[in-house]
Amino acid sequence: MAVKIKLKRLGKIRSPHYRIVVADSRTRRDGRAIEEIGLYHPVQNPSRIEVNSERAQYWLSVGAQPTEPVLAILKLTGDWQKHKGLPAPAPLLVAEPKDKRAAFEAFTKAIEGDEPKGEAITPKAKKSDKKADEAAETESSASAAESTEA
């Protein structure tokens, strides 16, 4: 039985998430897997890549063949180089945790200098006002028609 290390697609239509799985080569892309060994979330910035290095090394050592996308991921994490005995690549970029509180305070300080704009130039008309205006227009048009007839 040929074993492949491949990506199993999850997520909605435009937000794909993948799991790195070990599966029989004859199974479907999203079919039954022997084992899940990692995650790949390409939509996040920077993309999230997590691989259980110990399990990846085991499956590579027993002959599992990675697909092209998984091979690229394993090269990024350094697991492929470790398996082949090559020098390790540069470390991956890790997203720094964002301080939301500091960003919010900076934003509020930036707008404190602005003067309040006040109310809207054209106030929103209520439905009852619209009905009264329509009634007044029909009365005035009716009286204008009567005056032209006379």
Side-chain angles (χ1 to χ4, degrees), residues 1-138 140-141:
M1 170 172 82
V3 178
K4 290 234 178 224
I5 303 174
K6 55 187 177 178
L7 295 177
K8 179 178 182 178
R9 191 183 195 283
L10 302 169
K12 294 188 248 181
I13 291 175
R14 288 179 181 78
S15 63
H17 294 17
Y18 297 94
R19 289 190 183 150
I20 302 170
V21 297
V22 177
D24 183 4
S25 62
R26 296 169 290 186
T27 60
R28 301 173 300 198
R29 176 190 70 177
D30 301 334
R32 191 174 64 150
I34 298 170
E35 183 180 358
E36 293 180 3
I37 61 170
L39 299 172
Y40 174 52
H41 297 262
V43 178
Q44 294 180 357
N45 190 12
S47 58
R48 179 178 169 199
I49 299 173
E50 294 178 15
V51 178
N52 184 345
S53 182
E54 181 180 313
R55 297 306 297 163
Q57 291 301 316
Y58 168 76
W59 284 107
L60 289 170
S61 68
V62 296
Q65 295 297 311
T67 60
E68 288 182 20
V70 173
L71 181 61
I73 291 171
L74 292 176
K75 284 181 180 179
L76 285 175
T77 60
D79 291 320
W80 184 253
Q81 288 87 339
K82 188 187 284 187
H83 172 68
K84 290 292 186 180
L86 302 172
L92 288 176
L93 292 176
V94 178
E96 297 177 13
K98 295 180 182 177
D99 188 11
K100 294 180 181 178
R101 182 74 177 172
F104 176 74
E105 289 173 357
F107 176 73
T108 54
K109 286 181 183 178
I111 47 176
E112 281 179 359
D114 296 343
E115 294 181 17
K117 304 284 191 235
E119 294 186 26
I121 297 171
T122 54
K124 199 172 188 180
K126 295 180 182 176
K127 290 182 179 179
S128 59
D129 292 343
K130 287 182 181 178
K131 290 179 182 175
D133 290 341
E134 289 174 4
E137 286 179 14
T138 54
S140 63
S141 62

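Just so you know, residue 1 is the first one in the sequence shown, and it goes up from there.
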Drop me the distance from [X]'s [atom1] to [Y]'s [atom2], to the nearest 0.5 angstrom.
X	Y	atom1	atom2	result
Ile34	Lys4	CD1	NZ	13.0 Å
Ile37	Gln57	CD1	CD	9.5 Å
Ile5	Leu60	CD1	CG	4.5 Å
Ile73	Leu7	CD1	CG	5.0 Å

Name all residues meeting the side chain to side chain contact (heavy atoms under 4.5 Å, CB included) criterion together with [X]; count only those two or more places apart in sequence or in a different chain, and write none if there are none.
X	result
Arg48	Leu39, His41, Gln44, Glu50
Pro42	Pro16, Tyr18, Tyr40
Arg101	Asp99, Glu105

Return the minimal non-hydrogen interatomic distance between [X] and [Y], and the atom names on each side.
X	Y	result
Lys6	Ser25	NZ-O, 4.4 Å
Ala2	Asp24	O-OD1, 3.0 Å
Val21	Ala33	CB-CB, 3.7 Å

Strictly by side chain to side chain donor-acceptor pair (under 3.5 Å), give each pair with a member in residues 66-77 just once, sequence neighbours left out.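 For residues 66-77: Thr77-Asp79.
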
Who are the ring-ring contact (aromatic ring centres under 6.0 Å, His included) partners of Trp80, not counting sequence neighbours?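 Trp80 satisfies ring-ring contact (aromatic ring centres under 6.0 Å, His included) with His83 only.
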
Hey, does the side chain of Asp30 reach the backbone of Arg9 with a donor-acceptor pair shorter than 3.5 angstrom?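 Yes, the answer is positive, given that a donor and an acceptor are paired below the 3.5 Å cut-off.
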
Taking only residues at least two apart or on different chains, which pairs with a member in residues 55-66 satisfy salt bridge (Lys or Arg N to Asp or Glu O under 4.0 Å)? Glu35-Arg55

Could you name each residue pair satisfying ring pair (Phe, Tyr, Trp, His ring centres under 6.0 Å) that touches residues 54-74, not counting sequence neighbours?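 Qualifying pairs, neighbours excluded: none.
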
Contacts of Glu36 that satisfy side-chain hydrogen bond (donor to acceptor under 3.5 Å, both in side chains) - sequence neighbours left out: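 By the side-chain hydrogen bond (donor to acceptor under 3.5 Å, both in side chains) rule, Glu36 matches Arg19.
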
For Lys8, give me all partners under side-chain hydrogen bond (donor to acceptor under 3.5 Å, both in side chains), at least two apart in sequence or on another chain.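 Lys8 satisfies side-chain hydrogen bond (donor to acceptor under 3.5 Å, both in side chains) with no other residue.
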
